[in-house]
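One structure is given below, encoded as structure tokens.
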Amino acid sequence: MHKTYLIIGALLGALAVALGAFGAHGLHKIATPEMIETYQTGVRYQFYHVFALLAVGILYHRFQDKLMSLSGLFFIVGILLFSGSLYLITFMQASGNTIPTGLGVITPLGGLFLIAAWLLMLVSLSKKRVA
């Protein structure tokens with residue numbers, strides 16, 4: 001499983017670079033500064049948690065338990081929900097579309113997954129001895 005987290009982390013990292021570059025060079029043509037700030041928050045949090053996901057992939061080799069594995073899964077879900085919803089909100093606003101009411105709930109839900117992922121990692125590291 002740890003290799004899967006490393007591969008997904010690398011993929012999400014490459015995607016974060018591409019999305020960040022678009023945000024820095026192309027988004028300003030269609031979005032307001034406030035929209036760009038929202039978008040950049042998504043990119044920034046994606047980058048932070050890509051590194052956490054890579055850490056899970058590395059740590060899982062030494063701390064092989066379900067909590068560490070679940071932590072990696074929660075990081076992935078959190079990135080997709082948190083950052084993904086911010087990207088979607090930005091593009092919907094920039095294109096003049098109305099944002100569905102339920103979409104605003106996805107961002108904090110993604111944040112909760114990210115918090116839970118960190119806590120799962122903490123518990124896994126606290127209870128296991130180095131293999």
Side-chain angles (χ1 to χ4, degrees):
M1 182 55 107
H2 66 282
K3 186 174 180 181
T4 301
Y5 289 144
L6 294 172
I7 291 169
I8 293 171
L11 178 64
L12 288 173
L15 183 61
V17 172
L19 291 169
F22 174 73
H25 301 292
L27 192 57
H28 70 277
K29 297 174 187 173
I30 61 169
T32 66
E34 293 81 18
M35 292 176 204
I36 293 171
E37 185 176 331
T38 298
Y39 182 87
Q40 290 299 342
T41 297
V43 172
R44 189 171 45 255
Y45 273 74
Q46 182 171 339
F47 262 124
Y48 295 158
H49 293 91
V50 159
F51 292 121
L53 182 58
L54 292 172
V56 167
I58 294 165
L59 290 168
Y60 187 78
H61 188 65
R62 301 194 112 205
F63 299 88
Q64 296 182 17
D65 71 358
K66 290 182 182 184
L67 294 177
M68 186 63 74
S69 183
L70 196 57
S71 173
L73 180 62
F74 276 39
F75 277 124
I76 293 167
V77 172
I79 289 168
L80 294 176
L81 293 178
F82 185 87
S83 295
S85 66
L86 293 178
Y87 302 144
L88 187 57
I89 287 168
T90 300
F91 287 122
M92 290 185 78
Q93 287 177 329
S95 63
N97 292 316
T98 304
I99 299 169
T101 309
L103 186 57
V105 174
I106 294 174
T107 309
L109 180 62
L112 289 174
F113 269 93
L114 294 172
I115 293 167
W118 285 107
L119 294 173
L120 287 165
M121 181 191 287
L122 172 68
V123 172
S124 177
L125 293 170
S126 296
K127 74 176 204 144
K128 292 298 261 179
R129 297 176 195 247
V130 177

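Minimum heavy-atom separation, His28 to His25: CE1-O, 2.9 Å. The two residues Gly111 and Phe82 come nearest to each other via the heavy atoms N-CD1, 3.8 Å. Nearest approach of Gly23 to Ile36, heavy atoms of both residues: O-CG2, 4.4 Å. What you find for Pro100 and Met92 is that their closest heavy atoms are CD-CE, 3.4 Å. Ile79 approaches Gln46 most closely through the heavy-atom pair CG2-CG, 3.8 Å. Of all non-hydrogen atoms in Asp65 and Ser124, the two that sit nearest each other are OD1-OG, 2.8 Å.
With sequence neighbours excluded, the residues satisfying side-chain contact (heavy atoms from CB on, under 4.5 Å) with Leu120 are Leu67, Leu70, Ser71, Phe74. Ser85 is linked by a side-chain hydrogen bond (donor to acceptor under 3.5 Å, both in side chains) to Thr107, counting only residues two or more places apart in sequence or in another chain. Annotation: side-chain contact (heavy atoms from CB on, under 4.5 Å) contacts of Leu11 (sequence neighbours excluded): none.
Taking CG of Leu81 as the start and CG of Leu88 as the end, the distance is 11.5 Å to the nearest 0.5 Å. With values rounded to the nearest 0.5 angstrom, Leu19 atom CG is found 10.5 Å from Thr90 atom OG1. Residue Thr98 holds its OG1 atom at 10.5 Å from CD of Gln93, rounded to the nearest 0.5 Å. With rounding to the nearest 0.5 Å, the separation of CG in Leu27 from OG1 in Thr32 is 9.0 Å. Leu54 contributes atom CG, which lies 11.0 Å from atom CD1 of Ile8 (distance to the nearest 0.5 angstrom).
Remark: side-chain polar atoms of Tyr60 are not paired, donor with acceptor, to backbone N or O of Lys3 under 3.5 angstrom. Side chain of Tyr5 to main chain of Leu73: a donor-acceptor pair is present (N/O by atom type, distance under 3.5 Å, no hydrogens or angles). No donor-acceptor pair under 3.5 Å is formed between the side chain of Ser83 and the backbone N or O of Leu80.
Cluster membership for Leu86 and Met35, using ILVMFWY side-chain heavy atoms within less than 4.5 angstrom, is not shared. Leu122 and Val77 fall into different hydrophobic clusters, defined by Ile, Leu, Val, Met, Phe, Trp and Tyr side-chain heavy atoms under 4.5 Å apart, directly or through other members. With hydrophobic clusters built from ILVMFWY side chains whose heavy atoms lie under 4.5 angstrom apart, Leu119 does not share a cluster with Phe113. One hydrophobic cluster, built from ILVMFWY side chains closer than 4.5 Å, cannot hold both Tyr45 and Val105; they sit in different ones. Leu12 and Ile106 fall within a single hydrophobic cluster, where Ile, Leu, Val, Met, Phe, Trp and Tyr are joined by side-chain heavy atoms under 4.5 Å apart, directly or via other members.
Residues Ile58 and His2 are not in side-chain contact: their nearest non-hydrogen atoms beyond the backbone lie 4.5 Å or more apart.
The aromatic rings of Tyr39 and Tyr87 are tilted relative to each other, their planes meeting at an angle between 30° and 60°. Between Phe91 and Phe22, the two ring planes are tilted [angle within 30° to 60°].
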Applying side chain to side chain contact (heavy atoms under 4.5 Å, CB included), run through Val17 and Phe47 and close with a yes or a no. CA-CA 8 Å; Val17 172; Phe47 262 124; 3.5 Å; yes
